There are 4 protein chains.
Amino acid sequence: MKECVFVITNDNDKSASKRDLRREQLLAIAVERFAKHGYHNTKISDIVADAGVAQGTFYWYFKSKEAIGLEIIRSGRERLLQVIAKGYRSQSGSVSEMVEGSQRLLKDIFQFADENRYFMELLLTGGEDESIRRASKETRIDMEEAFRRNIERATELGMLPGSMNLHMRAALLVSLIEGVIARWLFGPIHPNSDLARLTAEELAAETVRFEFFGLLGI
Amino acid sequence: MKECVFVITNDNDKSASKRDLRREQLLAIAVERFAKHGYHNTKISDIVADAGVAQGTFYWYFKSKEAIGLEIIRSGRERLLQVIAKGYRSQSGSVSEMVEGSQRLLKDIFQFADENRYFMELLLTGGEDESIRRASKETRIDMEEAFRRNIERATELGMLPGSMNLHMRAALLVSLIEGVIARWLFGPIHPNSDLARLTAEELAAETVRFEFFGLLGI
Amino acid sequence: MKECVFVITNDNDKSASKRDLRREQLLAIAVERFAKHGYHNTKISDIVADAGVAQGTFYWYFKSKEAIGLEIIRSGRERLLQVIAKGYRSQSGSVSEMVEGSQRLLKDIFQFADENRYFMELLLTGGEDESIRRASKETRIDMEEAFRRNIERATELGMLPGSMNLHMRAALLVSLIEGVIARWLFGPIHPNSDLARLTAEELAAETVRFEFFGLLGI
Amino acid sequence: MKECVFVITNDNDKSASKRDLRREQLLAIAVERFAKHGYHNTKISDIVADAGVAQGTFYWYFKSKEAIGLEIIRSGRERLLQVIAKGYRSQSGSVSEMVEGSQRLLKDIFQFADENRYFMELLLTGGEDESIRRASKETRIDMEEAFRRNIERATELGMLPGSMNLHMRAALLVSLIEGVIARWLFGPIHPNSDLARLTAEELAAETVRFEFFGLLGI
DNA sequence: AATGAATGAGGATTCATTCAT
DNA sequence: CATGAATGAATCCTCATTCAT
């Protein structure tokens, strides 16, 4: 029987009822197993065994296996988009200020990914069930859209050159972020690479450098 | 019953026997279904129905479902690495020569991806079965390693600054490439984005610009 | 949450306690659902949801699902047999008196069926659970027996010819009654038939005519 | 393992393939168990155990449990309606000819019922699953409709008085037939009644007498 | 080479019933 | 009296794989 380690829902009210706790526990176990072994390779019987409850108990909290999968994506999506929303650019500034701001945002995202690695893994690599696949895609599109708006704003403020397609830039940027997170947290990663040992802060620094200056950059 | 459209294996011998053709056909159907619906959501009965043969016939050509999955990855991997190998840098040159070379390599990779979109989708998003997951990872690590050597060589030749971690650069570069391919060919992609309408050549141009100069670049 | 509409038990004592009311309510909901959807398709959770109480509450009033089924049959049986008992023939009379008496009895039975349609449906079409099936059968045998005695008495009084097997006559008569009730209240009924729109009285008149005179009758 | 006793489908072609035989066998076992124990109390595992095959084999022949239930009704319905269709009145005649014709029809129906008692039981008492319930109802309506047309024709030919509602007559007639069959073959039946021991012919004679002359009849 | 019937372990889901509070 | 969370046996159905023909 496993304790509840990863709290998934946004529980602002202090009095987490016993019911809520059990729900969180099942969610946490499910997201971990889905990420580690895949959705189809995770049996409800595995989840309940981990939680130390009977098979039927699962269905007191979730309508179906698909439902818990969607719930995981939904809840993670909300919190991920919140993190990104906080990093929105609002005012003009120097290049170094912009780089700094970007780095702070990336660090927040990487930290979130680290704290929610199983969700992140599910989001980035999962999607065996059609509906979960779709929900993941939507979340990733939302993320890209958030970055697109951010870049758009910076371009309007004259902080970025307007010569490149906005969508393209956003796509490239999010590719960078997703790829870095995936390699940092759950491979594929070259055995000799020490990328996995970096902190969120260090990772953000490296990434932001590439983001703004490319391979030729400083 | 479906015709064999996507030839997967490297068929050098001219006289493709009837047996080989059937094998190719099954592989082509399988890779498409695996990519479109996922490994677990693809039943052997689906594959054989598409091919217009009986259930048992499948097992005359492949040992098991896992085997056909691995075969798909194996064959795609070989051909993908060949494409990358051809683009290897060997001699020094100007920045614009380097950019040009890179762009040519990217174009080749994108073209390969376009011609093998189902394999690519399986490689980048698949991995429900443990052994296929591993095979995909290894292929992607190989790809990263190839790029790492390329960057290393360019750094030794003084064409790139040595200030950045090699593995990090390779990871960022491959993230870029993988993300762009995924968005170009099979989403997740923003509905308003016209990325999907670009040619391999145009995509390579955009990508290489970001690769070398970042968001601030020309 | 549903109000208690159909009172099922013979409540002679004036002061129906709160407890009795709840019991009646559960019985009423159960008999309706059993009739409409079948015994197996009715979940305890459906019944309690309709009643607006918790799952466990059901078991404070009834030992089990089977028990409530049997209770429904038992209580209905008592009241149905009472109705029939009141119509018993005791004295001789003319043919038209006999027809009149029969018609009155049928009208009473049809009225009872109308007021207890769900019980009637359960009695005539239900019987998925072995013990309920048995209880229903016994009730219907009792009904047949009551009619057999009635016919026997009329035959002894010389009001009916003795040329036909008594059991056969009773069987045919009860078949008629059961079939008519079923079609009148809950089908199977031909869409164009206006049988369902008849009153109990009209239905009794038509039925009694056939009962005594057959297709060739007046 | 049980042999196939009751052939359910209309197999006119001599060469019943092995596949057809297995299908018939499963149908026969299913209809018997559905009739004896009810639809919900019959497990697929019971059926296949009786047939001596593996669980999965069932699903090679039938899509689902519901499907086999519907197939049973569908096939029985066809054959039952054929029997009735053969008894259609076409020409005028004397009363005794009419009675004779009716008796012959009833005998055929009773014989069919005897030879297909499990189907009959399912048709008349079954219907736990919603779709099977509906299919049964439709069949019984068809039967009623067939008799209605028969009565209509006889009335047009002046062989029956026109004073009674057609639908009502048909309903009463079919009630009679259904009730008699039910009591004859599978109760509810009074223990002292010797109805169950009658032959189809005798039963038809008794029933037809009541049909035309009622209780007061000859 | 090919067929297609047969296998059977496995897994999701249901639901009557129990019980601590 | 009432709650509602928990139980777990039961059952339908899936599908990769085998094998006689």
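In this text the structure is predicted, and so the values were computed from the model without any measurement. The chains referred to below are lettered A, B, ... by the order of the sequence lines, with proteins before strands, and numbering in each begins at 1.
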For C/K65 and for B/T57, locate the closest nucleotide of DNA chain E by heavy-atom distance; then report the residue assigned to the nucleotide nearer the 5' terminus. B/T57
May I ask you to verify if any side-chain N or O of D/R19 is less than 4.0 angstrom from the OP1 or OP2 atom of E/dA5? yes
Heavy atoms, side chains only, cut-off 4.5 Å: are D/N41 and C/E130 in contact? no
Under a 4.5 Å cut-off applied to non-hydrogen side-chain atoms, are B/L122 and B/I72 in contact? yes
Nearest to the D/I44 side chain among F/dC12, E/dT3, F/dT3, which nucleotide is it? F/dC12
Regarding C/K65 and the six-membered ring of C/Y59, is the cationic atom NZ or CZ under 6.0 Å from the ring centre and inside 45° of its axis? no
Let's test your reading of the pairing rules: Watson-Crick or G-U wobble, both distances under 3.5 Å, then write DNA chain F as a dot-bracket string with ( ), [ ], | and dots. .||||||||||||||||||||
Position toward the 5' end of DNA chain E (nearest nucleotide), B/F58 or A/Y39: B/F58
Take B/F62 and B/L27 through the side chain to side chain contact (heavy atoms under 4.5 Å, CB included) test and state the conclusion after the steps. CA-CA 10 Å; B/F62 301 97; B/L27 277 166; 3.7 Å; yes
Short N-O contact, A/R23 and A/E71, less than 4.0 angstrom: yes
Could a donor-acceptor pair under 3.5 angstrom be found where the side chain of B/Q55 meets the base of F/dT17? yes
May I ask you to evaluate whether D/R22 reaches the phosphate of E/dA6, defined as a side-chain N or O under 4.0 Å from OP1 or OP2? yes
So, is A/Y61 close to the F/dA6 phosphate, meaning a side-chain N or O under 4.0 Å from OP1 or OP2? yes
Output the single nucleotide from F/dG4, F/dC15, E/dA6 whose closest atom is nearest the side chain of C/A54. F/dG4
Quick one: do B/F34 and B/I68 satisfy side chain to side chain contact (heavy atoms under 4.5 Å, CB included)? Show the steps, please. CA-CA 10 Å; B/F34 286 168; B/I68 198 176; 4.0 Å; yes
Mind checking if D/F62 touches a base, just sugar-phosphate, or nothing, with heavy atoms under 4.0 Å? nothing
Can you tell me which nucleotide in E/dA2, E/dA5, F/dT17 comes closest to the side chain of B/S64? F/dT17
